[in-house]
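All remarks here apply to the structure that follows.
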Amino acid sequence: MDMYENPYMAFPGITAEEMAFLQQGTAELDENQKKYFYMVYSSKRKNPQDILLVTLLGFIWIAGIQRFLVGQIGMGLLYFFTGGFCWIGTIVDLVNYKEIALEFNRKMAYESFNITKFSIK
C-alpha cells in the first residue's frame, strides 16, 4: 500500500466515521499486516447500500433478510415470522440502515484485526 493513497476509499459507501475507525484501528500495523487486514476486511465488509436494498426487498418479498445478512439470525427470524413487526421494524431499519451496516462493519474490522495480528508477525 502506498502511503499517499488510502485503500479504504475503494470501499463502496464508506463513511468518514468508518474510515476514521479503520485508520485508527490499523495504525499500529506494519505495511504487510495492513495489506492482509485490507484483504480480510474487504471480504467481510457489507456495503450500506446493499443493506438498504435488501431492507426494501422486505416489503415485497421476505422481511428480515437484512438481519440475516448482518448475522442477527434471531432478529431475522422474528422479522420473518412477524412480517417485520407488521412493517414497523422494516421501516425503522430503512431509516437506520447506515447504523446497521456500521455496527456490523466495526465487528468485522475488529475480527479482521485479530486475525491479522495472530496470523502475520
Side-chain angles (χ1 to χ4, degrees):
M1 282 191 285
D2 186 12
M3 73 159 106
Y4 296 109
E5 59 182 61
N6 189 347
Y8 303 121
M9 292 296 292
F11 290 137
I14 192 164
T15 62
E17 185 179 1
E18 183 182 0
M19 189 176 313
F21 179 77
L22 291 173
Q23 288 174 337
Q24 182 180 17
T26 59
E28 67 183 60
L29 300 177
D30 65 27
E31 286 301 312
N32 285 335
Q33 288 174 326
K34 285 182 182 179
K35 287 178 184 176
Y36 189 74
F37 171 84
Y38 180 80
M39 182 184 67
V40 172
Y41 179 68
S42 64
S43 68
K44 296 175 179 279
R45 182 183 182 274
K46 300 291 184 208
N47 183 356
Q49 283 78 22
D50 292 344
I51 302 293
L52 175 64
L53 289 173
V54 171
T55 304
L56 286 170
L57 281 175
F59 282 113
I60 58 173
W61 194 39
I62 299 174
I65 298 173
Q66 72 277 9
R67 296 298 180 154
F68 287 109
L69 191 64
V70 295
Q72 298 175 349
I73 305 302
M75 188 66 84
L77 288 171
L78 191 60
Y79 272 51
F80 175 75
F81 289 116
T82 62
F85 299 127
C86 297
W87 289 331
I88 294 171
T90 304
I91 293 169
V92 170
D93 282 357
L94 279 174
V95 173
N96 295 321
Y97 74 96
K98 287 184 180 178
E99 287 81 17
I100 293 169
L102 182 62
E103 177 186 340
F104 178 79
N105 289 338
R106 281 188 175 184
K107 288 178 186 175
M108 293 302 103
Y110 182 72
E111 185 178 302
S112 300
F113 178 80
N114 285 331
I115 290 171
T116 301
K117 284 300 275 187
F118 293 117
S119 295
I120 299 179
K121 298 210 183 222

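Here the structure is a predicted model, which is why all the values come from computation and not from measurement.
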Q) Heavy-atom count around Tyr110 OH within 6.0 Å, excluding the residue itself: above 12? A) no

Q.
Between Gln66 and Lys46, is there a side-chain heavy-atom distance shorter than 4.5 Å?
A. no

**Q.** Closest non-hydrogen atom pair, Gly13 against Asn47
**A.** CA-OD1, 3.8 Å

(Q) How long is the straight-line distance from CG of Asn105 back to OG of Ser112, given to the nearest 0.5 Å? (A) 9.5 Å

Q) Tyr41 and ring-ring contact (aromatic ring centres under 6.0 Å, His included): which partner among Phe11, Phe113, Tyr36? A) Phe11

Q) Where do Thr55 and Ile51 come nearest, in terms of heavy atoms and distance? A) OG1-O, 2.7 Å

Q: May I ask you to test the Arg67-Ile100 pair for a side-chain heavy-atom distance under 4.5 Å?
A: yes

Q: Taking the side chain as every heavy atom from C-beta outward, state whether Met75 and Val70 have any pair of such atoms under 4.5 Å apart.
A: no

Q | Heavy-atom closest contact (Phe37 atom, Leu22 atom, distance) | A | CZ-CD2, 3.9 Å

Q: Examine Phe59 and Val95 and state if one hydrophobic cluster contains both, with Ile, Leu, Val, Met, Phe, Trp and Tyr joined whenever side-chain heavy atoms are less than 4.5 Å apart.
A: no

Q) In terms of hydrophobic clustering (I, L, V, M, F, W, Y; side-chain heavy atoms under 4.5 Å; direct or indirect links), are Val92 and Phe80 co-clustered? A) no

Q: Quick one: pull up OH in Tyr8 and NZ in Lys34 and give me the separation to the nearest 0.5 Å.
A: 7.0 Å

Q) Do the side chains of Lys98 and Glu18 get nearer than 4.5 Å, heavy atoms only? A) no

**Q.** Flag side-chain contact, heavy atom, 4.5 Å: Lys107 against Lys44
**A.** no

Q.
Are Phe81 and Ile65 linked, directly or through intermediate hydrophobic residues, by side-chain heavy-atom contacts shorter than 4.5 Å (ILVMFWY only)?
A. yes

Q. Is Met9 reachable from Met108 through a run of hydrophobic residues whose side-chain heavy atoms are each under 4.5 Å from the next?
A. yes

Q) Can you tell me how far the CD atom of Gln49 sits from the OH atom of Tyr97, to the nearest 0.5 Å? A) 5.5 Å

Q | Side-chain donor/acceptor of Tyr79 to backbone N/O of Gly89, under 3.5 Å | A | yes

Q | Glu103 and Gln72, any side-chain heavy atoms less than 4.5 Å apart | A | yes

Q: Could you walk me through whether Phe68 and Ile62 pass side chain to side chain contact (heavy atoms under 4.5 Å, CB included), step by step?
A: CA-CA 11 Å; Phe68 287 109; Ile62 299 174; 5.8 Å; no

Q: Of all the heavy-atom pairs spanning Ser43 and Val40, show the shortest one and how long it is.
A: OG-O, 2.7 Å

Q.
Do Leu29 and Lys117 have side chains that approach each other closer than 4.5 Å (heavy atoms only, starting at C-beta)?
A. yes

Q) Say you draw a straight line from CG of Leu102 to CG of Asn96; how long is it, rounded to the nearest 0.5 Å? A) 11.5 Å

(Q) Would a single hydrophobic cluster contain both Leu69 and Leu94, if residues Ile, Leu, Val, Met, Phe, Trp and Tyr are joined by side-chain heavy-atom contacts under 4.5 Å? (A) yes

Q) Would a distance-only check, ignoring hydrogens and angles, find a side-chain to backbone donor-acceptor pair under 3.5 Å from Ser42 to Met39? A) yes

Q.
Please give me the minimum heavy-atom distance between Pro12 and Pro48, naming the atom from each residue.
A. O-CD, 4.1 Å

Q) Is there side-chain contact between Leu57 and Ile60, with at least one heavy-atom pair below 4.5 Å? A) yes

